[in-house]
Chemist: 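Attaching a single structure in structure tokens format; questions to follow.
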Protein chains: 2
Amino acid sequence: MKAFSAETVYALRALLYLAGRRDGESYLSIRKISEELEISFHFLTKILQMLTQKGILTSSRGPAGGVRFFRAPDKVSVIEVIHVFEGNDYFTTCMMGLPGCSDKAPCPVHDLWKEVRTAMKSRLEDVTLAEMGTRTMLERLRLSP
Amino acid sequence: MKAFSAETVYALRALLYLAGRRDGESYLSIRKISEELEISFHFLTKILQMLTQKGILTSSRGPAGGVRFFRAPDKVSVIEVIHVFEGNDYFTTCMMGLPGCSDKAPCPVHDLWKEVRTAMKSRLEDVTLAEMGTRTMLERLRLSP
DNA sequence: TTTATTTGAGATAAATTACTCCGAAATAGT
DNA sequence: ACTATTTCGGAGTAATTTATCTCAAATAAA
Ligand code: SF4
Ligand code: SF4
């Protein structure tokens, strides 16, 4: 099951890595992150650029530059990151992907799918990057292969 | 959320259409199905061919030819169709997609994701094409845009 | 002020997925 | 036997996603 694009997954891994650090004040270079997580540097650059544009990260160029959180990671829910890369209709268009869906004109999998979809959404909008990040660090959960 | 490839979705729509018919004995031409569901004829042909090879459908060439169920649709669970086009590891590889996953070396979203994934799997392996097909017909659920 | 370093932005390339096309093989009806 | 129809099988094309490359702009430190 591939629920998310590569961009979303890379973004989450990078953000969780950032959120798990002790020092959240200083800038961390994208090069460093890409090496740590074994993600293509250039591709990751583009992705984190997007997060900077969307106001989740802030950046600084030049030596000792890099990225850090703009808003504190406990103010950013995972779902927000998903919406950046997957679009805002991610949890409304689904399985069959037929246009013009409504509860009045559903496809056969609507009920089944609605459960899964809303369960997922409600879980993902509750959990913040900070929670997951610290958990990642404390329990030594892995973010790279 | 795009959980499935176009192939899987088209396959399911076609199968639910077939399962919803009164006459399950006779062959129905792929051309007819493609027009009814507004799916590219050639693409659907390839997809239904695969289902024939996998023993879900059986086919007949020539005039009055087409496809019909090989095994009765109440013996085919939705999950089986998914496995044909998405592979058998569909419900084991997931969200982060890191290789070498185990409960001992999980990524940060493992628990969260495991819930969603197993909930989905257990629902999809219970429901058969026959159940959904008749429901589709009786409740006039739509299979096309 | 110069230099080294790092993000920003956009073009390009590779890989995957989605879709199309064509001729061969089978089959029912005339 | 002939013809029209339909699936089969594989190749080819288009679109989208994923990844790479290049150079400009900013910035810190020497
Ligand atoms: S009817 Fe429901 S499940 Fe089906 S495509 Fe529309 S929103 Fe998705
Ligand atoms: S640890 Fe679990 S959730 Fe994370 S990629 Fe592996 S199987 Fe998926």
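Source: prediction; values computed, not measured. Sequence lines set the chain letters: A, B, ... in the order given, protein chains first and strands last, and positions in each chain run from 1.
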Chemist: Side chain of B:F43: nearest nucleotide among C:dA18, D:dT18, D:dC8?
Modeler: C:dA18
Chemist: Can you check the A:E38 CD to D:dA19 P distance for me, whole Å?
Modeler: 14 Å
Chemist: In whole Å, I'd like the distance from the CZ atom of B:R68 to the P atom of D:dT6.
Modeler: 17 Å
Chemist: Examine A:F85 together with A:F4 and report whether their ring centres are nearer than 6.0 Å.
Modeler: no
Chemist: Between the side chains of A:S26 and A:D23, is a donor N or O closer than 3.5 angstrom to an acceptor N or O?
Modeler: yes
Chemist: Under 4.0 Å, heavy atoms only, any strand: does B:K2 hit a base, just the sugar-phosphate, or nothing?
Modeler: sugar-phosphate
Chemist: Report yes or no: does A:R31 contribute a side-chain atom to a donor-acceptor pair with the main-chain N or O of A:F41 at less than 3.5 Å?
Modeler: no
Chemist: So, does B:S59 get its side chain near the phosphate of D:dC8, meaning an N or O under 4.0 Å from OP1 or OP2?
Modeler: yes
Chemist: For A:E86 and D:dT16, give me the distance from atom CD to atom P, rounded to whole Å.
Modeler: 16 Å
Chemist: What contact category does B:I30 fall into here, base, sugar-phosphate, or nothing, at under 4.0 angstrom with non-hydrogen atoms?
Modeler: sugar-phosphate
Chemist: Quick one: on DNA chain C, does B:A64 or A:R61 contact a more 5' nucleotide (nearest heavy atom)?
Modeler: A:R61
Chemist: Using heavy-atom distances to pick each residue's nearest nucleotide on DNA chain D, tell me which of A:G62 and A:L44 is more 5'.
Modeler: A:L44
Chemist: Side chain of B:Q53 only, heavy atoms from C-beta on: which candidate in D:dT18, C:dG8, D:dG9 is closest?
Modeler: D:dG9
Chemist: OP1 or OP2 of D:dA19 sitting under 4.0 Å from any side-chain N/O of A:Y10?
Modeler: yes
Chemist: Please report, rounded to the nearest Å, how far the C1' atom of C:dT7 is from the CG atom of A:L18.
Modeler: 14 Å
Chemist: Which of the following nucleotides, C:dG8, C:dA18, D:dG9, is nearest to the side chain of A:Q49?
Modeler: C:dG8
Chemist: Rounded to the nearest Å, what distance is computed from the NE2 atom of residue B:H42 to the P atom of nucleotide D:dT13?
Modeler: 15 Å
Chemist: Considering just the side-chain nitrogens and oxygens of A:S29, establish if one lies under 4.0 Å of OP1 or OP2 belonging to C:dT5.
Modeler: no
Chemist: How close or far is atom C1' of D:dA28 from atom OH of A:Y27, stated in whole angstroms?
Modeler: 13 Å
Chemist: Rounded to whole angstrom units, what separation is found between the CZ atom of A:R13 and the P atom of D:dT18?
Modeler: 14 Å
Chemist: Answer yes or no: does a side-chain N or O of B:S40 lie under 4.0 Å from OP1 or OP2 of C:dT20?
Modeler: yes
Chemist: Between A:F91 and A:R117, is there a cation-pi geometry (under 6.0 Å to ring centre, at most 45° from the normal)?
Modeler: no
Chemist: When you check the side-chain N and O atoms of A:T8 and A:E86, is any donor under 3.5 Å from an acceptor?
Modeler: yes
Chemist: Rounding to an integer number of Å, can you tell me how far A:R31 CZ sits from D:dT20 P?
Modeler: 12 Å
Chemist: If you check the B:P63 side chain, which of C:dT27, C:dT7, D:dA19 turns out closest?
Modeler: C:dT27
